[in-house]
Amino acid sequence: MWAAGETVYHLGFGESRFPTHPKILRALAENADRRSYLPAVGIPELRRAVAEFHSRQLGRAISPEQVIVGPGSKALLFAFQMAAAGATVLPTPSWVSYAPQARLIGRPILRIPSSPHDGHRLHPSKLQEILRQSPHEHHLLILNSPNNPTGGMLEPALLEEIAAICRRQNVLALSDEIYALTAYGRDHASLSSYYPEGTVVLGGISKHLSLGGWRLGTAIVPPGQTGRQLLQAVAKVGSELWSTPSAPIQVAAVTAYANDPELNAYIDRCTRLHAARTRFLWLGLSELDVHCSEPMGGFYLYPNFDHWRGPLARKGVHTSNELAAYLLDTCQIATLPGTDFGAPEQELSLRLSTSYVDLETDQKAANMMALADGAVDEEALMRRHHPGMNELLDRFRNFLASL
Ligand SMILES: Cc1ncc(COP(=O)(O)O)c(C=O)c1O
């Protein structure tokens with residue numbers, strides 16, 4: 001539709017769009033000539049830098065031997081699912097790739113149900129129930145906080161309860177923390193702080209450094225024998241599939257993981273922008289009485305339109321898929337349907353990503369970064385420099401008024 005010259009409000013694609021930090025760009029340019037195959041687990045300098053970074057972030061000592069890097073955390077998630085036995089247990093909703101990965105390797109999937117009425121809160125009792133009823137001997141739980149699609153975060157008390165259940169049932173947990181540095185203000189809590197012996201922490205440079213296309217992800221395995229065996233198994237999968245992440249990228253990533261005040265300030269600035277932009281859309285939708293929980297990190301919202309089920313049905317819209325298609329056709333708003341995240345078909349939930357709106361080109365993204373230098377009047381920033389976001393809210397207002 002864009003190519004045909006049409007206006008489309010692109011809320012479909014979750015990609016942080018800010019310009020690459022010059023220090024990281026320089027590190028990549030200086031290492032463009034690195035062309036040898038490297039160890040499957042990653043180069044020692046990068047494993048050390050990632051271990052130090054996570055030791056600071058998690059507040060406990062992580063050794064370089066616990067680190068493996070891969071071409072994106074997505075590839076690592078697949079390799080861990082392949083390396084660990086058992087059924088994959090997923091909250092509902094959860095990120096689009098976990099379930100297809102499990103299906104590709106023939107793993108059963110158990111879904112923890114949730115409700116739009118409490119913002120899709122993860123209830124430990126429901127996890128407990130799923131595990132109790134499961135016919136499978138082993139289980140792999142995938143958690144994600146800050147969350148794509150809901151924008152929510154798992155708080156320490158909840159993580160503690162989940163950790164106790166996992167420990168009792170000997171569940172291996174994959175904690176997808178790729179959005180950890182995009183948390184708005186409050187501290188990010190990791191399941192690994194409560195269940196270090198059974199949690200793998202996944203991360204990478206795609207989100208807080210806007211480097212999705214560079215394809216570099218990280219995983220921290222538990223300390224000791226279990227973690228060592230798991231890492232070896234994942235390294236074997238990696239070695240047969242991708243050998244090692246690209247050599248120049250690995251060397252440049254050492255800079256990305258350094259505790260550099262300039263880089264930290266850049267990450268803060270990007271996160272403040274994501275927060276201002278995502279909260280603006282959330283506030284606007286809330287004023288329209290759209291049910292949507294408050295975002296706490298990342299750049300996503302997961303509103304629910306069940307309230308308009310009757311009028312939508314009269315327009316032929318009965319599922320989230322049909323709702324997404326209807327919004328694109330009639331209001332030029334591109335979203336993803338809740339079914340892509342494992343929601344039941346009839347639940348009228350959509351995932352909105354704010355990362356592209358008013359940042360459609362690299363130049364626009366660079367300008368926005370420049371505007372957010374120093375103290376920022378967020379209201380003025382949103383009112384004056386986000387025409388698309390304001391227009392988008394008008395379109396949502398008109399859409400709801402038309403029902
Ligand atoms: C929740 C979640 N996990 C993992 C990924 C994959 O990130 P990577 O670029 O490291 O493969 C994404 C990317 O959209 C994501 O949203």
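Predicted model, so just to flag it, every value in this text is computed and none were measured. We count ligands from 1, going down the list as the structure has it; atoms in each ligand are counted the same way.
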Checklist outcome for this item: Residues pairing under salt bridge (Lys or Arg N to Asp or Glu O under 4.0 Å) where one sits in residues 115-124, two or more places apart or in two chains, turn out to be Arg121-Glu155
Item to check | Cation-pi geometry met for Arg17 and Tyr356 (6.0 Å, 45°) | outcome: yes
Next on the checklist: Between Thr7 and Trp2, is the side chain to side chain contact (heavy atoms under 4.5 Å, CB included) condition met? List the steps.
Outcome noted: CA-CA 6 Å; Thr7 303; Trp2 265 348; over 6 Å; no
Next on the checklist: Please output the residues near ligand 1 using a strict heavy-atom distance under 4.0 Å, listed in chain and residue-number order.
Outcome noted: Gly72, Ser73, Lys74, Trp95, Tyr98, Asn144, Asn148, Asp176, Ile178, Tyr179, Ser206, Lys207, Arg215
Show which side-chain atoms of residues 232-247 pair as donor or acceptor with protein atoms under 3.5 Å away, not counting sequence neighbours.
unit_1, atom_1, unit_2, atom_2, d
Thr244, OG1, Pro39, O, 3.1
Thr244, OG1, Gln250, NE2, 2.8

Item to check | Mutual orientation of the aromatic rings belonging to His274 and Phe18 [parallel < 30°, tilted 30-60°, perpendicular > 60°] | outcome: tilted
Checklist entry - Which residues satisfy the salt bridge (charged side-chain N to carboxylate O under 4.0 Å, His left out) test with Arg351, sequence neighbours excluded? => result none
